[in-house]
Amino acid sequence: MEYEIVMATDEDRNEILALYKAQIGREYCPWDEGYPSNEAIDWDLSRDALFVLKMNGKIKAAVSIEEDEEVALLTCWDKSITPVGELARLAVLPDEQNKGLGRIMLKFGMDELKRRGFKGIHILVNKYNEKAIRCYAVFGFRMVGECHMYEQDFLCYEKEL
């Protein structure tokens with residue numbers, strides 16, 4: 001499987017939006033027509049924080065590097081692991097799922113956070129999303145708490161980088 005992971009550009013916008021929209025209505029996905037939006041893409045591009053996996057020039061997956069103050073304020077996190085970043089808006093085209101691309105993007109995102117000087121990572125995962133939970137376990141994430149945000153129940157996972 002040949003692929004490249006690159007920082008997204010404005011020229012990738014329509015393909016990224018299509019990737020995001022393809023997730024709407026999928027099991028455990030809280031996204032809707034309003035999120036993620038062009039504004040989320042603008043925000044990510046402005047921070048050099050949006051990466052895409054391309055195969056034969058076509059975007060198959062994306063992930064964003066994030067720092068979310070609301071998530072950081074949750075009391076379950078290990079305070080000795082700082083600074084901490086997050087990965088957000090991890091998406092894989094439905095036809096490309098179950099081929100390992102999500103894991104590739106997760107690993108890339110963790111490496112990128114480490115490269116940027118972060119010492120740890122926080123991830124919120126829908127508490128019923130067993131596929132994602134298994135994926136995080138492979139990478140050694142620890143479940144440290146639960147929360148209710150964005151109208152859903154999450155498990156709070158963290159890992160030292």
Side-chain angles (χ1 to χ4, degrees), residues 1 3 5 8 12-44 47 49-55 58-78 81 84-113 118 120-161:
M1 172 171 51
Y3 64 86
I5 299 175
D12 296 320
R13 177 182 303 273
N14 290 338
E15 254 188 292
I16 295 167
L17 272 175
L19 169 65
Y20 290 163
K21 299 302 179 204
Q23 310 307 312
I24 295 172
R26 295 185 63 81
E27 194 172 29
Y28 310 117
C29 183
W31 296 356
D32 58 29
E33 290 301 323
Y35 178 86
S37 62
N38 263 311
E39 290 76 22
I41 293 172
D42 287 340
W43 171 242
D44 286 344
R47 299 176 299 115
L50 178 54
F51 297 89
V52 292
L53 182 146
K54 293 183 177 186
M55 297 172 77
K58 300 285 184 206
I59 293 174
K60 304 293 184 177
V63 69
S64 298
I65 304 295
E66 188 73 87
E67 292 177 74
D68 186 327
E69 290 179 23
E70 195 174 347
V71 171
L73 291 173
L74 295 171
T75 59
C76 58
W77 307 122
D78 181 343
I81 305 173
V84 175
E86 291 179 58
L87 297 180
R89 293 176 289 286
L90 174 58
V92 176
L93 281 176
D95 290 349
E96 300 295 335
Q97 293 185 3
N98 301 312
K99 297 179 181 178
L101 299 182
R103 285 186 182 175
I104 289 168
M105 293 305 283
L106 183 59
K107 173 84 168 80
F108 176 87
M110 290 188 296
D111 291 345
E112 181 64 18
L113 284 171
F118 290 94
I121 178 174
H122 293 160
I123 292 182
L124 298 183
V125 60
N126 180 294
K127 75 183 290 179
Y128 305 106
N129 189 342
E130 293 176 16
K131 188 186 295 185
I133 291 167
R134 283 194 306 272
C135 182
Y136 298 135
V138 167
F139 286 99
F141 280 83
R142 293 181 307 116
M143 200 270 284
V144 296
E146 297 186 34
C147 68
H148 185 84
M149 298 174 79
Y150 314 116
E151 300 177 13
Q152 62 178 314
D153 294 319
F154 288 105
L155 299 177
C156 305
Y157 280 84
E158 74 180 352
K159 174 180 172 57
E160 192 167 349
L161 295 174

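None of these values were measured; they are calculated from a predicted model.
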Minimum heavy-atom separation for [X] to [Y], with atom names?
X: A62; Y: L50; result: CB-CD1, 4.3 Å
X: G102; Y: L90; result: O-CD2, 4.1 Å
X: G34; Y: S37; result: O-CB, 3.5 Å
X: V52; Y: A8; result: CG1-CB, 4.1 Å

Quick one: list whatever passes ring-ring contact (aromatic ring centres under 6.0 Å, His included) with [X], sequence neighbours left out.
X: F154; value: none
X: F108; value: F51
X: F118; value: none

*Could you tell me whether E146 and K127 have a side-chain N and a carboxylate O separated by less than 4.0 Å?*
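Answer for the salt bridge query: yes.
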Are any non-hydrogen side-chain atoms of [X] and [Y] less than 4.5 angstrom apart?
X: C135; Y: L106; answer: yes
X: I133; Y: L155; answer: yes
X: L161; Y: M110; answer: yes
X: Q23; Y: P94; answer: yes

*asked:* side chain to side chain contact (heavy atoms under 4.5 Å, CB included), that's the test. Do E158 and V84 meet it? Break it down for me.
replied: CA-CA 9 Å; E158 74 180 352; V84 175; 6.0 Å; no
*Partners passing salt bridge (charged side-chain N to carboxylate O under 4.0 Å, His left out) against D111 (at least two apart in sequence or in another chain)*: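 Once residues adjacent in sequence are excluded, the partners of D111 under the salt bridge (charged side-chain N to carboxylate O under 4.0 Å, His left out) criterion are K107.
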*Residues that K159 engages under salt bridge (charged side-chain N to carboxylate O under 4.0 Å, His left out), provided they are two or more places apart*: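 Per chain and number, K159 pairs via salt bridge (charged side-chain N to carboxylate O under 4.0 Å, His left out) with no residue.
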Spatial distance of atom [atom1] ([X]) from atom [atom2] ([Y]) [nearest 0.5 Å]:
X: L53; Y: L93; atom1: CG; atom2: CG; answer: 10.0 Å
X: L113; Y: E66; atom1: CG; atom2: CD; answer: 10.5 Å
X: N38; Y: I16; atom1: CG; atom2: CD1; answer: 10.0 Å
X: Y3; Y: L101; atom1: OH; atom2: CG; answer: 8.5 Å
X: M149; Y: C156; atom1: CE; atom2: SG; answer: 8.5 Å

Using side-chain hydrogen bond (donor to acceptor under 3.5 Å, both in side chains) as the criterion, list what pairs up with [X], not counting sequence neighbours.
X: Y35; result: R89
X: K131; result: N98
X: K21; result: none
X: Q152; result: N126

*asked:* Walk me through whether Y157 and L124 qualify under side chain to side chain contact (heavy atoms under 4.5 Å, CB included).
replied: CA-CA 6 Å; Y157 280 84; L124 298 183; over 6 Å; no
*For side chain to side chain contact (heavy atoms under 4.5 Å, CB included), just list the numbers for I81 and D78, CA-CA rounded to whole Å, side-chain angles, deciding distance to a tenth of an Å, and then say yes or no.*
CA-CA 6 Å; I81 305 173; D78 181 343; 3.8 Å; yes
*Would I65 and D44 count as a side chain to side chain contact (heavy atoms under 4.5 Å, CB included) if you check the C-alpha gap in whole Å, the side-chain angles of each, and the deciding distance to 0.1 Å?*
CA-CA 8 Å; I65 304 295; D44 286 344; over 6 Å; no
*asked:* Between Q97 and V92 (side chain of the first, backbone of the second, donor and acceptor by atom type, cut-off under 3.5 Å), is there such a pair?
replied: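 Checking the backbone N and O of V92 against the side chain of Q97, a donor-acceptor pair under 3.5 Å is found.
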*asked:* Closer than 3.5 angstrom, by distance alone: can the side chain of E15 be matched with the main-chain N or O of I59 as a donor-acceptor pair?
replied: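 A pair under 3.5 Å: yes.
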*Can you list every salt bridge (Lys or Arg N to Asp or Glu O under 4.0 Å) pair that touches residues 94-106, not counting sequence neighbours?*
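Residue pairs with at least one partner in residues 94-106: K60-E96, E96-K99.
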*Pairs where residues 23-43 contributes a residue and the test salt bridge (Lys or Arg N to Asp or Glu O under 4.0 Å) is met, not counting sequence neighbours*: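 For residues 23-43, and leaving out neighbouring residues, the salt bridge (Lys or Arg N to Asp or Glu O under 4.0 Å) pairs sorted by first residue read R13-D42.
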*Could you check Y136, F141, W77 and say which one makes a ring-ring contact (aromatic ring centres under 6.0 Å, His included) with H122?*
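Only match with H122 under ring-ring contact (aromatic ring centres under 6.0 Å, His included): W77.
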*Decide if atom CH2 of W43 counts as having more than 12 heavy atoms of other residues, nucleotides or ligands within a radius under 6.0 Å.*
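Open: at most 12 neighbouring heavy atoms sit under 6.0 Å from CH2 of W43.
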Table please: side-chain donor-acceptor pairs of residues 68-75 below 3.5 Å, with sequence neighbours left out.
| residue | atom | partner | partner atom | Å |
| --- | --- | --- | --- | --- |
| D68 | OD1 | E70 | N | 2.9 |
| D68 | OD1 | V71 | N | 3.2 |
| D68 | OD2 | Y150 | OH | 3.0 |

